[in-house]
Amino acid sequence: MIEVATRNKLEATIVSINGDVDLYSSPEVRKVIIGLTEKKTPVIMVDLSHVSYMDSSGVATLVEGLQQSGKYNGKFKLYGLGMAVREVFELSRLDKVFDIYPNEETAFSSLA
Amino acid sequence: MGNRDQSKIISGEPFVTHVSEPVNTITIRLCSDPKLLKIVRAGIAHLCELAGFSEEQRHRVTLAVDEACTNIIKHAYNGATDKPILITARLIENGIEVVLRDYGKKTDPESIKSRDLDDIRPGGLGVHLIHSAMDSVVYDNTLPDGNQLILKKYLRKQRSDSLEEIR
């Protein structure tokens, strides 16, 4: 079962996902992320360090979040990608489209 | 998972190992419920491990099979969660073969194309990921009903047989 939690830190809202993101669970992730973009959350960071598997449904959800936040000039960043998740982004050639950081610290450093 | 959900995993007969069942073959019958995809991934990953694939290659094969199941659920069955999917995976010489069978809306193989990756938008990546991950992807549209997809991955890449004809 997937867990999706949010917390605020400085100017960012961090979305922490725990579990596999696939066709079954991606609607839960989408609900949270799109909820934040509808509120025009200025900085959204998605913590993927506890995601061991992601398929195209999960990638599509993140693409939607990126595009929706872009409509109001919000920032949408990802961090903590493991091998399997990073590979899906690379195979999709989306690793250059997203702002991807190794961890929370480097993601926040990028805001400075 | 309650008993009600468990009963949906198996459609018709239970997992049966026949005397004549080929060695190194697993057959997974499931209904088209996305919550069951994790079970498919676990089975395929383990067979890939037996085949000797690296962790990266195991992930790629698992991803391809997961994406193929997702396409069946979304396109062949239009999201219905109670339709049958039959997956037969076996070790072959120098790799693995996975055959996915559904009984839903027939798909024209000519219409199945990867989308332009420069077109950044949600969705449409599944076919691209399947082709990126596997050495051979063959759509068999000769069956009277439904669709069959045959995926192969080799430990050491052989000649490309992605264009091989269905005999």
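The sequence lines fix the lettering, A, B, ..., with proteins before strands; numbering per chain opens at 1.
Note that CG of B/L37 and CG of A/D55 are 7.5 Å apart. Values are rounded to the nearest 0.5 Å. A distance of 9.5 Å separates CG of B/D102 from CD of B/Q148, quoted to the nearest 0.5 Å. Atom CG of residue B/L125 and atom CD1 of residue B/I130 lie 11.0 Å apart, to the nearest 0.5 angstrom.
B/K83 has its side chain out of reach of B/Y103: every pair of non-hydrogen atoms, C-beta onward, lies at least 4.5 Å apart. Between A/L111 and A/M45 there is a side-chain heavy-atom pair separated by less than 4.5 Å. Contact of the B/V98 side chain with the B/T88 side chain is not registered, since no non-hydrogen atoms from C-beta on lie closer than 4.5 Å. Contact of the B/I85 side chain with the B/I73 side chain is registered, since non-hydrogen atoms from C-beta on lie closer than 4.5 Å. With contacts defined as side-chain heavy-atom distances shorter than 4.5 Å, the pair B/N78/B/K105 qualifies. Under the 4.5 Å side-chain criterion, counting only non-hydrogen atoms from C-beta, B/T70 is in contact with B/D66.
When the options B/I72, B/L86, B/V40, B/I150 are evaluated for a side-chain contact (heavy atoms from CB on, under 4.5 Å) with B/L100, the one that passes is B/I72.
Among pairs with a residue in residues 59-99 of chain A, those fulfilling ring-ring contact (aromatic ring centres under 6.0 Å, His included) read A/F89-A/F98, at least two apart in sequence or across chains.
Within residues 1-19 of chain A, no residue has any heavy atom less than 4.5 Å from a heavy atom of chain B. The stretch residues 44-60 of chain B places B/E55, B/E56, B/H59, B/R60 near chain A, each with some heavy atom under 4.5 Å from a heavy atom of that chain. Proximity to chain B at a heavy-atom threshold of 4.5 Å picks out A/D20, A/D22, A/L23, A/Y24 from residues 20-38 of chain A, in numerical order.
Counting only distance, with no hydrogens or angles, the side chain of B/D135 and the backbone of B/Y154 share a donor-acceptor pair below 3.5 Å.
With 3.5 Å as the limit, one finds a donor-acceptor pair spanning the side chains of A/S110 and A/K77.
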